A.B. asks: 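Here it is: the structure, laid out below.
Order of the sequence lines fixes the chain letters, A, B, ..., with proteins taken first and strands second; residue numbering starts at 1 for each chain. Quick caveat: nothing in here was measured; it's all calculated off a predicted structure.
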There are 2 protein chains.
Amino acid sequence: MTVESNSTEARAGSAMRSLSRAIQVFEQLQRYEHPQRLNQIAKDCGMSSPTTLRILRVLQDSGLVSQTDKNYRIGPAVLPAARVFLEADPLPRSARPILQQLAQNTGLTASLYTRLGFERVLVERVVGAASLGYELPQGRRLPLTVGAAGKILLAALDEEQLAEVISAAVELRYEPVGFTLEELRRRLPAAGEDYAYSEDERATGVVSVAVAVPSRNDGVTESIALTAPVHSSSRDDLVARVPELRHAARRLADLLASTVY
Amino acid sequence: MTVESNSTEARAGSAMRSLSRAIQVFEQLQRYEHPQRLNQIAKDCGMSSPTTLRILRVLQDSGLVSQTDKNYRIGPAVLPAARVFLEADPLPRSARPILQQLAQNTGLTASLYTRLGFERVLVERVVGAASLGYELPQGRRLPLTVGAAGKILLAALDEEQLAEVISAAVELRYEPVGFTLEELRRRLPAAGEDYAYSEDERATGVVSVAVAVPSRNDGVTESIALTAPVHSSSRDDLVARVPELRHAARRLADLLASTVY
DNA sequence: TATTTAATTTTACTGTATGAAATTCCACAA
DNA sequence: TTGTGGAATTTCATACAGTAAAATTAAATA
């Protein structure tokens with residue numbers, strides 16, 4: 001039973017056990033719908049109650065966790081951290097004007113996602129003239145296997161990596177048990193295509209295209225998407241925007257690469 | 001039980017040293033204007049480079065820290081955490097409609113702050129009809145010693161606690177070296193007053209009143225404020241709103257107390 | 001009040017975090 | 001290109017901090 005299925009991924013040296021466990025607790029708390037009690041958290045993280053309690057206490061001292069009665073949840077200290085990220089990090093900073101321009105030119109909603117573990121996170125979004133009819137808030141975790149902006153992040157992965165993605169997606173309840181590589185492959189962009197398309201996939205009534213933001217370092221971790229209500233845009237309409245998207249992605253990559261501190 | 005000397009300092013039992021240090025690194029990264037290199041971070045946190053490096057690596061694995069070249073900064077994983085907090089925590093959730101109503105009735109900007117260590121954080125804000133002429137983003141850290149919403153959080157503290165607040169405020173560069181208890185006392189509400197007032201204090205051109213959100217547990221940690229441009233509201237105008245504020249604070253306290261999971 | 005379950009503290013043990021020192025890496029200069 | 005200094009990283013012996021079992025206390029439930 002390898003219950004060690006933590007999103008912090010057991011790496012080589014298994015360094016900093018207590019810190020890794022604390023992060024595991026912190027992440028677990030984010031997955032709950034409601035605050036949870038000590039024993040539940042301990043069980044879900046696969047560690048003993050005393051250990052979990054001590055971790056929670058330290059996190060609580062810094063405001064990263066808060067407690068009412070016997071229930072623990074994410075605390076207010078995450079708010080300033082996110083603020084710092086949004087104001088200082090080159091990714092959202094650089095993306096803002098670019099998404100702005102995309103939304104302006106296309107009338108569609110322009111979004112920037114980044115990969116985080118086996119999910120993607122909406123980092124920045126500029127809503128276009130054509131409303132989507134629903135709100136997707138900054139910072140929301142979304143699947144990689146569903147939606148154009150997720151799938152394009154998988155385009156460059158090999159078989160082994162995709163297998164990991166699939167088992168994680170099942171674990172996270174994004175995909176049903178038994179979800180196969182073939183099913184996933186069918187959704188992903190065909191060989192040679194540098195963009196992904198989705199229709200009624202992650203959200204119903206919504207179509208979108210996405211391209212990857214090039215990065216010379218490790219694999220692709222960011223994507224830019226254009227999204228529209230399904231009744232207002234055809235597939236061809238969206239695909240016609242791909243060159244524009246490509247250009248935006250390239251511009252963002254250049255900006256990121258040239259950021260000097 | 002005395003308030004911990006410093007959220008990042010070694011406490012009585014000195015429990016979880018590595019975790020405490022990791023949090024210290026995480027907080028330090030939030031204080032930098034720009035990404036910093038390993039040795040700088042290590043020095044600022046008062047620990048060795050190898051230790052700091054190991055901590056940074058673990059934080060990086062979870063996305064709480066990111067790195068470009070040799071520079072470390074806060075990573076994108078804080079975004080989903082903040083999202084969870086804003087969507088699930090009873091504090092912002094309960095406050096939203098109450099602030100909404102306050103802003104509606106008064107035409108002013110209504111804000112909810114929570115104390116975090118020796119600072120306060122803007123948790124939720126509803127902008128009123130009368131614009132303030134500046135933006136204050138959710139999650140920003142602000143001083144306790146300046147501004148109505150900060151000062152009201154200090155109203156119930158004793159001499160010893162105020163001394164701590166002062167030395168922390170100096171440490172954080174919110175107050176000049178040599179800032180005295182008498183100077184602070186002069187700003188704080190007089191005995192018997194349950195509200196604080198500020199004019200051109202934290203932000204110029206802005207006046208505000210604030211009341212504390214009652215809490216039966218430990219000391220007060222939340223405050224609600226009404227803010228207006230200085231040219232549009234007199235002190236009396238604002239103080240006339242105090243009963244309304246009191247009512248809102250009471251309502252919020254009741255909501256929080258009755259929240260069931 | 002009795003009974004059960006969860007939270008917390010204690011304790012003895014074990015493994016992990018630690019920093020000095022050594023080594024490698026890297027930027028810049030010669 | 002090679003040399004040089006500073007920074008990052010790895011190694012490693014040691015001390016100490018984190019661990020879980022068991023005990024204790026508190027809090028639900030009947």
Side-chain angles (χ1 to χ4, degrees), chain A residues 1 3-4 6 8-26 28-29 32 34-62 64-73 216-218 257-258 260-261, chain B residues 1 8-26 28-29 32 34-62 64-73 216-218 257 260-261:
Chain A
M1 313 316 171
V3 194
E4 287 289 347
N6 45 9
T8 35
E9 269 324 295
R11 46 169 44 221
S14 83
M16 306 252 119
R17 183 145 91 126
S18 63
L19 176 52
S20 299
R21 288 175 150 196
I23 291 174
Q24 201 183 335
V25 168
F26 183 67
Q28 185 59 44
L29 282 178
Y32 291 129
H34 292 291
Q36 298 290 325
R37 331 239 332 190
L38 174 62
N39 278 355
Q40 185 61 44
I41 301 167
K43 201 172 69 167
D44 294 337
C45 293
M47 42 217 234
S48 72
S49 295
T51 298
T52 310
L53 179 63
R54 270 174 306 108
I55 289 171
L56 285 169
R57 282 215 266 243
V58 179
L59 292 177
Q60 202 175 347
D61 284 342
S62 68
L64 288 170
V65 161
S66 50
Q67 178 184 14
T68 44
D69 304 320
K70 300 296 173 61
N71 298 301
Y72 297 88
R73 59 191 142 84
R216 48 180 154 51
N217 307 336
D218 42 2
S258 69
V260 177
Y261 303 103
Chain B
M1 199 192 301
T8 59
E9 268 308 315
R11 49 178 34 237
S14 82
M16 305 253 119
R17 183 144 90 129
S18 64
L19 176 51
S20 301
R21 288 174 150 195
I23 292 174
Q24 199 183 338
V25 168
F26 183 67
Q28 184 61 41
L29 282 178
Y32 291 129
H34 293 291
Q36 299 290 324
R37 334 248 314 200
L38 174 63
N39 278 356
Q40 184 63 44
I41 300 167
K43 201 172 68 164
D44 293 337
C45 294
M47 44 216 233
S48 71
S49 295
T51 299
T52 310
L53 179 63
R54 275 183 314 237
I55 289 172
L56 285 169
R57 284 215 266 243
V58 179
L59 292 177
Q60 202 175 348
D61 284 342
S62 68
L64 289 170
V65 161
S66 51
Q67 177 184 16
T68 44
D69 304 318
K70 300 297 175 60
N71 297 303
Y72 297 89
R73 59 192 143 79
R216 48 178 157 53
N217 307 335
D218 42 3
V260 177
Y261 304 104

A.B. asks: Within the structure provided, determine whether B:Asn39 and B:Thr52 are in side-chain contact (heavy-atom separation under 4.5 Å).
C.D. replies: no
A.B. asks: List, with names and distances, any nitrogen or oxygen atoms from the protein found under 3.5 Å away from nitrogen or oxygen atoms belonging to nucleotides 20-22 of chain D.
C.D. replies:
| unit_1 | atom_1 | unit_2 | atom_2 | d |
| --- | --- | --- | --- | --- |
| D:dA20 | OP1 | A:Arg21 | NH2 | 3.3 |
| D:dA20 | OP2 | A:Ser48 | OG | 2.7 |
| D:dA20 | OP2 | A:Thr51 | OG1 | 2.5 |

A.B. asks: Over how many whole Å does the gap from A:Met16 atom CE to C:dA17 atom P extend?
C.D. replies: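 Atom CE in A:Met16 sits about 5 Å away from atom P in C:dA17.
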A.B. asks: Apply side-chain contact (heavy atoms from CB on, under 4.5 Å) to the pair B:Val25 and B:Tyr72, showing each step before the final yes or no.
C.D. replies: CA-CA 10 Å; B:Val25 168; B:Tyr72 297 89; over 6 Å; no
A.B. asks: What's the spacing between B:Arg21 CZ and B:Ser48 OG if we round to 0.5 Å?
C.D. replies: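 The CZ atom of B:Arg21 sits 6.5 Å away from the OG atom of B:Ser48.
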A.B. asks: All N/O contacts under 3.5 Å from nucleotides 4-8 of chain D to the protein, with atom names and distances to one decimal?
C.D. replies:
| unit_1 | atom_1 | unit_2 | atom_2 | d |
| --- | --- | --- | --- | --- |
| D:dA8 | OP1 | B:Arg37 | NE | 3.3 |
| D:dA8 | OP1 | B:Leu38 | N | 3.3 |
| D:dA8 | OP2 | B:Asn39 | N | 3.1 |
| D:dA8 | OP2 | B:Asn39 | OD1 | 3.0 |
| D:dA8 | OP2 | B:Asn39 | ND2 | 3.0 |

A.B. asks: Calculate the interatomic distance between B:Lys43 atom NZ and C:dG19 atom P; express it in whole Å.
C.D. replies: 17 Å
A.B. asks: Between C:dT18 atom P and B:Gln24 atom CD, what is the distance in whole Å?
C.D. replies: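 Between P of C:dT18 and CD of B:Gln24: 11 Å.
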A.B. asks: If you pin A:Leu19 and A:Gln67 to their nearest nucleotides in DNA chain C, which one's is more 5'?
C.D. replies: A:Gln67
A.B. asks: Run the side-chain contact (heavy atoms from CB on, under 4.5 Å) check on A:Gln36 and A:Asn71 step by step: do they pass?
C.D. replies: CA-CA 5 Å; A:Gln36 298 290 325; A:Asn71 298 301; 5.9 Å; no
A.B. asks: Less than 4.5 Å apart, any side-chain heavy atom of A:Ile55 and any of A:Met47?
C.D. replies: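 Sidechains of A:Met47 and A:Ile55: in contact.
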A.B. asks: Mind calculating the distance between CG (B:Leu56) and C1' (D:dT10) to the nearest angstrom?
C.D. replies: 16 Å
A.B. asks: Answer whether the closest heavy-atom distance between the side chains of A:Leu56 and A:Leu29 falls below 4.5 Å.
C.D. replies: yes
A.B. asks: Whole angstroms only, please: what is the CZ-P distance between A:Arg57 and D:dG18?
C.D. replies: 13 Å
A.B. asks: Among B:Gln60, B:Arg57, B:Arg73, which residue meets the side-chain hydrogen bond (donor to acceptor under 3.5 Å, both in side chains) test with B:Gln67?
C.D. replies: B:Gln60
A.B. asks: Measuring only between side-chain heavy atoms, which start at C-beta, is B:Leu64 closer than 4.5 Å to B:Val58?
C.D. replies: no
A.B. asks: Quickly work out the A:Ile41 CD1 to C:dA6 C1' distance and round it to whole Å.
C.D. replies: 13 Å
